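Any value given below was found using the heavy atoms of this structure, including those in side chains, with hydrogens, waters and symmetry copies removed. In the text below, chain A, chain B and the rest are named by the order of the sequence lines, each starting its count at 1. Since the model is a prediction, treat every value here as computed from it, not as a measurement.
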Amino acid sequence: MPDNASRDIAAPLLAWYDANARVLPWRAPPGTPPPDPYRVWLSEVMLQQTQVATVIPYFEKFLARWPDFASLAAADDAELMTAWAGLGYYARARNLLAAARAVADEHGGKLPASEAELRKLPGFGAYTAAAVSAIAFGERAVVVDGNVERVIARLFALSDPLPGAKPRIRVLTDSVTPVTRAGDFAQAMMDLGATICTPRSPKCLLCPLADHCDARAQGLPEAYPVKVAKKARPIRHGTMFWAEHHGRVLLVRRPASGLLGGMRALPTGPWTDVAPALDGAPFAAGWTLHNATVSHGFTHFELVSALASVTLDGQVPVIQGEWWPIDDLDSAGLPTVFAKAADQIRRMR
DNA sequence: GAACCGTGGGT
DNA sequence: TACCCAAGGTT
């Protein structure tokens with residue numbers, strides 16, 4: 001691969017960043033000392049596949065509740081999962097806690113500075129280890145996220161499709177990453193990708209790198225990055241069960257791994273190709289299967305769930321779970337798909 | 001490598 | 001509306 005195509009984009013990009021950096025609660029102004037590594041790490045985990053505007057309120061809430069590694073390492077698992085509810089990709093929350101405890105137990109309460117050591121902690125992949133090392137510790141690391149992939153693919157007009165082009169994009173990113181200010185450089189690339197070099201309708205007239213950009217020269221910035229076609233999302237069917245007793249509803253804890261792992265939930269039956277009706281009910285009762293359904297898109301399938309309900313008067317069956325006050329359901333920390341179902345049920349009552 | 005893993009914003 | 005996509009990681 002011809003990777004001698006290196007070009008000097010660091011100087012114009014950093015100059016642009018010095019004047020245009022977004023002001024974010026976890027970020028230090030350009031050219032100033034790095035922020036608290038705890039803040040950098042917390043924000044980077046929350047920002048995985050999640051937009052800045054979505055993250056900000058969660059970041060503020062977490063920082064107020066768990067201001068440092070020691071407090072987070074001592075956090076109650078259930079309280080942390082509840083606080084993460086609605087943000088998605090719940091394995092991030094489980095890994096966050098595991099990493100905080102590893103830092104407390106094995107690293108003297110401080111994050112290691114090197115990319116290689118960070119990479120060993122739960123939830124630190126190639127991107128996060130590089131980003132934290134560069135942004136929080138000023139190390140030179142090659143930071144490649146979705147923004148950087150797009151910017152690089154356009155700068156060099158890469159015709160190979162993603163994800164196959166990832167190794168080459170990493171080599172090219174390495175070739176343009178400066179020795180100093182690698183953290184600012186990474187954040188500048190991401191700000192550029194998020195605000196100027198956007199997936200659609202990029203604002204090339206405002207781009208500090210327009211004169212360096214092969215895709216711009218071709219007049220086809222939106223043609224990059226080339227991507228392989230995605231597979232269609234299948235539809236799965238299921239049923240959620242609403243068991244009510246004296247103003248309370250039965251909630252269960254989902255298994256620790258897998259979809260919505262570790263989260264509080266309504267009981268569900270199997271999710272299959274055909275509507276399973278009352279299969280998998282949490283206990284035998286006079287369930288009513290409603291006509292209304294709840295649809296919710298997950299990453300790799302679309303769920304269409306029926307709703308079944310029953311109101312119990314006398315004895316409550318002995319069953320694993322919590323009878324949660326319906327008026328206080330907002331505090332249960334339900335993932336969005338169950339919050340939707342609860343709203344639907346409450347509208348029907 | 002490919003499947004799995006959430007949710008909401010933007011168009 | 002339906003689709004793309006986002007500061008990706010784990011298995």
Side-chain angles (χ1 to χ4, degrees), chain A residues 21-22 24-27 39-59 81 84-96 98-99 118-136 141-151 162-164 166-167 170 173 183-195 197-202 222 225 227-236 254-263 265 271 295-303 333-340:
Chain A
R22 287 181 288 176
L24 301 172
W26 48 83
R27 175 181 280 183
R39 290 171 156 255
V40 175
W41 166 62
L42 181 60
S43 68
E44 289 299 342
V45 173
M46 288 184 167
L47 286 162
Q48 289 166 7
Q49 296 289 287
T50 310
Q51 296 182 161
V52 164
T54 303
V55 165
I56 287 175
Y58 282 88
F59 178 82
M81 299 310 287
W84 197 277
L87 196 53
Y89 283 143
Y90 298 99
R92 293 185 294 175
R94 305 193 297 267
N95 288 331
L96 191 81
L118 290 167
R119 188 70 177 74
K120 299 174 185 173
L121 292 168
F124 279 83
Y127 164 77
T128 304
V132 170
S133 182
I135 297 170
V142 180
V143 180
V144 183
D145 77 326
N147 290 301
V148 175
E149 285 180 352
R150 185 171 56 256
V151 171
L162 285 168
K166 282 173 182 281
R170 192 189 185 285
T173 306
D184 280 350
F185 178 81
Q187 294 180 92
M189 288 285 275
M190 294 188 280
D191 274 20
L192 188 76
T195 64
C197 195
T198 48
R200 275 166 292 188
S201 305
E222 267 185 293
K227 295 192 174 185
V228 299
K230 287 184 177 176
K231 287 172 42 176
R233 275 194 319 187
I235 297 177
R236 292 191 200 165
R254 292 182 60 82
S257 63
L259 188 74
L260 309 173
M263 299 301 289
W271 292 349
S295 293
H296 187 75
F298 291 101
T299 308
H300 55 293
F301 69 94
E302 172 93 9
L303 177 67
L334 292 178
T336 300
V337 63
F338 299 116
K340 277 188 192 175

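Applying the side chain to side chain donor-acceptor pair (under 3.5 Å) criterion to Asn147(A), with sequence neighbours excluded, gives Asp145(A), Arg150(A). Shown here are the salt bridge (Lys or Arg N to Asp or Glu O under 4.0 Å) partners of Glu302(A), two or more places apart in sequence or in another chain: Arg233(A). With sequence neighbours excluded, the residues that form a side chain to side chain donor-acceptor pair (under 3.5 Å) with Arg92(A) are Thr50(A). Checked against side chain to side chain donor-acceptor pair (under 3.5 Å), Lys340(A) has the following partners two or more places apart in sequence or in another chain: His296(A).
Remark: the separation of the P atoms in dA7(C) and dA3(B) is 24 Å, to the nearest Å. Rounded to the nearest Å, the gap between the C1' atom of dC5(B) and that of dC5(C) is 16 Å.
Across all strands shown, Leu24(A) has heavy atoms under 4.0 Å from base atoms, whether or not it also approaches the sugar-phosphate. The residue Ser201(A) sits apart from the nucleic acid: no heavy atom pair falls under 4.0 Å. Counting any heavy atom pair closer than 4.0 Å across all strands shown, Ala186(A) reaches no nucleic acid atom. Nucleic acid contact class of Trp26(A) (heavy atoms, under 4.0 Å, all strands): base.
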### Message
Can you build the contact string for nucleotides 4-11 of chain B? Use B for base contact, S for sugar-phosphate-only contact, and - for no protein heavy atom under 4.0 Å.
### Response
SBBBBSB-

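One interatomic measurement links the two molecules: CZ of Phe124(A) to C1' of dG8(C), which rounds to 13 Å at whole-angstrom precision. For the pair Lys230(A) NZ and dA3(B) P, the interatomic distance rounds to 13 Å; values are reported in whole Å. For Arg150(A) and dC4(C), the CZ to P distance is 15 Å, given to the nearest whole Å. In this entry the distance linking CG of Asn147(A) with C1' of dG8(C) reads 12 Å, nearest Å. One interatomic measurement links the two molecules: CD of Glu44(A) to P of dG8(C), which rounds to 9 Å at whole-angstrom precision. Rounded to a whole Å, the CG atom of Leu162(A) is 10 Å from the P atom of dC5(C). Rounded to whole angstrom, the span from the CG atom of Leu192(A) across to the P atom of dA7(C) amounts to 12 Å. Distance CG (Asp145(A)) to P (dG9(C)): 10 Å, rounded to an integer number of Å.
Judged by distance alone, with hydrogens and angles left aside, the side-chain atoms of Ser43(A) form a donor-acceptor pair with the main-chain N or O of Val40(A) at under 3.5 Å. Distance alone, capped at 3.5 Å, places no donor-acceptor pair between the Arg22(A) side chain and the Ala194(A) backbone.
Residues Ala129(A) and Pro199(A) both approach DNA chain C. Their nearest nucleotides, taken by heavy-atom distance, put Pro199(A) toward the 5′ side.
Counting distance only, with no hydrogens placed and no angle test, the side-chain atoms of Arg22(A) and the base atoms of dA7(C) include a donor-acceptor pair under 3.5 Å.
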Return a table of donor-acceptor pairs under 3.5 angstrom between the side chains of residues 120-134 of chain A and protein atoms on other chains or two or more places apart.
from      : atom 1 : to        : atom 2 : distance (Å)
Lys120(A) : NZ     : Glu117(A) : OE2    : 2.9
Tyr127(A) : OH     : Glu44(A)  : OE1    : 2.6
Thr128(A) : OG1    : Gln48(A)  : NE2    : 2.9
Ser133(A) : OG     : Ala113(A) : O      : 3.0

